[in-house]
Structures are given as structure tokens and as C-alpha cells.
Asker: 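Supplied in C-alpha cells, the structure appears directly below.
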Amino acid sequence: MCGRFTITIDADSLQMAFDLESAPPDWKPRYNVAPTQMVGVIREGPRRLVEWMRWGLVPFWAKDPSVGSQLINARAETAAEKPSFRRAFQAQRCLIPADGFFEWKQEVGQKGPRQPYYFRMRDGRPFAFAGLWERWQPEGAAEPLLSCTILTCAPNTLLAQYHNRMPVLLRGEAMGGWLHGDSRAGLEALLRPYPAEEMTAYAVSRLVNRAGVDTAECIQKVEVSA
DNA sequence: CCAGACGTTGTT
DNA sequence: GTCTGG
DNA sequence: CCAGACGTTGTT
DNA sequence: GTCTGG
């Protein structure tokens, strides 16, 4: 699955990498994006901009927005049919720019806290998570809450050493295909494990465990004691 | 008919 | 909103 | 995902 | 143990 990620590039690099109309004004590099925090999202539609949405999808019919914290991921195999995700799958798909993500693993033969690992592309360049977004209108006249979720799929051979799920990663043509595709079969064809050969992983400090710590120390390599 | 769920992951 | 269970 | 709380009444 | 908050 995917419960933390990074997007460490600056606003100009982001604009270039994702072909945005403009560089997002409030952008800052992030080393530890956690659920319920605001994330930059590129949604379907004619305009190619980054908008801020809460990570953790709140279904439009929800009574209470707190359910969103449990919907940080959606299974790619079933998202098109689940009540919470169905509408978004049809018409509210999005890209969530990232350049790495974390997974936690219980080291064999050890007890205690799990060890975090950082995953990224070998070429170090950014990519997008395949996502869904939703709009939730609170009672009264307050601003609607925009929220999003990250799709997951079976792991590739690299991720399988750590977890039984991985986020759906998109690069190049697949990004436009996800945003603007119109057939369910065509969309689902994009929701497959990203090639392991293009990815790399290393252990990082447990500082990343704390959602409030958002510094480059989160992606510093550490040795795992045997 | 109404009531109640609607989700994912891993299990320190 | 829409589906399932009672 | 992990960390941290987990409760009520009434009010200086 | 389980739920909420970040």
C-alpha cells in the first residue's frame, strides 16, 4: 500500500515535469506527506494545474468527513465498483505528483517497531500516483472539501520483498491516459505494477514514522542491523 | 419497506 | 447516492 | 502509514 | 485492542 510519500522537487521543476500551465504558488518540497494532509493534485479536465486536496477520500454522501482517513488507498481491482469510489472512477480521476514513497517492513527474526524503506525511480525523476478525487459539501454554506485517494495494485518483484501491495505509478503517456481515458478496460489496463527494474529501495531513519517530521532526514539512507 | 453500510492494510 | 440485509 | 488517545461534567 | 489525527 502507500501511506507516506515524498515530492521533493521545487515548483519550477514540478511545472516542467508535469507540463503544468503554471508553477503552483504555494508549493514547497515535501519529505513526509502523511494521510489527512493537503496534497498537490492534477485532476482531469482541460486545465493542467496543481490543486490542493486532503489525502483520504471523503465520499460525497458521507455524513462525517472523518471517514476519509480510512480511505487513503483504493484497490485498483475493485475501485470501479465500490460505492465509495465508483463515481470518482468514472469521472474524477487524478494524478498525484511524487518522487518516492515509504513502506514499513517487519524484519525477519526481529521484534519491535517496523523498519521504514524508501522507494523511488532509479533515474531519480518524479512520477505520478494514479488517484481519484471527490468533492464533499458540508452542511451549511461552507467551502466544499476536496479529497483524494491513491490506487493500489499487486506488488512488482521489488516491492514484493516488502509488502503485498504497491501504489499504482504512472509516467509518460500513461498519465494522460489515466486522466482522459474513456473506456473502463483502457483505464484498468493502466493499473498494473510498475516495472521493478526501473525502481530502487533503501532503508531510512525511523524519524519518518512521525507524521510531523518533514525534513530531508526522512530519506537519508541507514544501515539495518542484522 | 426501512436501517445501515459504504474501505484498506496488516496484525508492534 | 445506492446497495445489502432484515 | 505511525503515534497517541482511549471520558464526563461543569467551570478558575 | 481499536479508533482518531496527522
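Computed from a prediction, not measured in an experiment: that's the story for all the values here. All values below were derived from every heavy atom in this structure, side-chain atoms included, with hydrogens, water molecules and symmetry-related copies excluded. Numbers restart at 1 for each chain; the letters A, B, ... are given by sequence-line order, proteins then strands.
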Asker: Can a side-chain donor-acceptor contact be found between A:T152 and A:N73 if the only test is distance below 3.5 angstrom?
Answerer: no
Asker: Does A:S205 reach the main-chain N or O of A:L207 with its side chain, forming a donor-acceptor pair under 3.5 Å?
Answerer: yes
Asker: Can you pull every protein N or O that's under 3.5 Å from an N or O on nucleotides 8-12 of chain B?
Answerer:
residue, atom, partner, partner atom, Å
B:dT8, OP1, A:R75, N, 3.1
B:dT8, OP1, A:T78, OG1, 3.4
B:dT9, OP1, A:T152, OG1, 2.7
B:dT9, OP1, A:R165, NE, 3.1
B:dT9, OP2, A:R75, NH1, 2.7
B:dG10, OP1, A:H163, ND1, 2.3
B:dG10, OP1, A:N164, OD1, 3.2
B:dG10, OP2, A:N164, OD1, 2.5
B:dG10, OP2, A:N164, ND2, 3.2
B:dT11, OP1, A:R114, NE, 3.1
B:dT11, OP1, A:R114, NH1, 2.7

Asker: Can you figure out which of C:dG1, C:dC3, E:dG6 approaches the side chain of A:R86 most closely?
Answerer: C:dC3
Asker: What is the distance from CZ of A:F5 to C1' of E:dG6, rounded to the nearest Å?
Answerer: 14 Å
Asker: Cation-pi check, A:R135 to A:F60: give yes when NZ or CZ is under 6.0 Å from the six-membered ring centre and within 45° of the ring axis, no otherwise.
Answerer: no
Asker: Does any nucleotide pair with B:dC6 by Watson-Crick or G-U wobble geometry, both distances under 3.5 Å, and what is it?
Answerer: C:dG1
Asker: Measure CG/A:N32 against C1'/D:dC1 and give the value in whole Å, please.
Answerer: 9 Å
Asker: Can you measure A:F89 atom CZ to C:dG1 atom P for me and round it to whole angstrom units?
Answerer: 23 Å
Asker: Measuring to OP1 and OP2 of D:dG4, would you say a side-chain N or O of A:R210 lies under 4.0 angstrom away?
Answerer: yes
Asker: If you measure from the C1' atom in D:dC1 to the same atom in B:dT12, how many Å do you get, rounded?
Answerer: 14 Å
Asker: Is the ring centre of A:W178 less than 6.0 Å from the ring centre of A:F129?
Answerer: no
Asker: Just checking A:E173: does its CD atom have more than 12 heavy atoms from other residues, nucleotides or ligands closer to it than 6.0 angstrom?
Answerer: no
Asker: Separation of A:L159 atom CG from D:dC1 atom P, in whole Å?
Answerer: 14 Å
Asker: What is the separation between atom CD on A:Q37 and atom P on D:dC2, rounded to the nearest whole Å?
Answerer: 15 Å
Asker: Using 30° and 60° as the class boundaries, would you call the ring planes of A:F102 and A:W104 parallel, tilted or perpendicular?
Answerer: tilted
Asker: Using a 3.5 Å distance criterion without hydrogens, assess whether the side chain of A:R206 forms a donor-acceptor pair with backbone atoms of A:R114.
Answerer: yes
Asker: Taking the C1' atom of each, how far is B:dT8 from D:dC2, in whole Å?
Answerer: 15 Å
Asker: So what does A:S84 hit on the nucleic acid, given a heavy-atom distance under 4.0 Å: a base, only sugar-phosphate, or nothing?
Answerer: sugar-phosphate
Asker: Pick base, sugar-phosphate or nothing for A:I72, based on heavy-atom distances below 4.0 Å to the nucleic acid.
Answerer: base
Asker: Please report, rounded to the nearest Å, how far the P atom of C:dT4 is from the CD atom of A:E81.
Answerer: 11 Å
Asker: For the C1' atoms, the ones on E:dG5 and on B:dA5, what distance do you get once it is rounded to whole angstrom?
Answerer: 23 Å
Asker: Within the 4.5 Å heavy-atom criterion, are A:L49 and A:S22 side-chain neighbours or not?
Answerer: yes
Asker: In whole angstroms, how far is the C1' atom of D:dC2 from the CG atom of A:N209?
Answerer: 6 Å
Asker: Mind checking the P distance from B:dA3 to E:dG6? Whole angstroms is fine.
Answerer: 34 Å
Asker: In whole Å, what separates the C1' atom of E:dG1 from that of B:dT11?
Answerer: 11 Å
Asker: Expressed as a whole number of Å, how far does the C1' atom of B:dT9 sit from that of E:dT2?
Answerer: 14 Å
Asker: May A:W61 be described as stacking on the base of C:dT2, applying a 5.5 Å centroid limit and a 30° limit on plane angle?
Answerer: no
Asker: When the distance from CZ of A:F101 to P of D:dC2 is rounded to whole Å, what number comes out?
Answerer: 15 Å
Asker: For a quick check of understanding: with a heavy-atom distance under 4.0 Å over all strands, which category does A:P35 fall into, base, sugar-phosphate or nothing?
Answerer: base
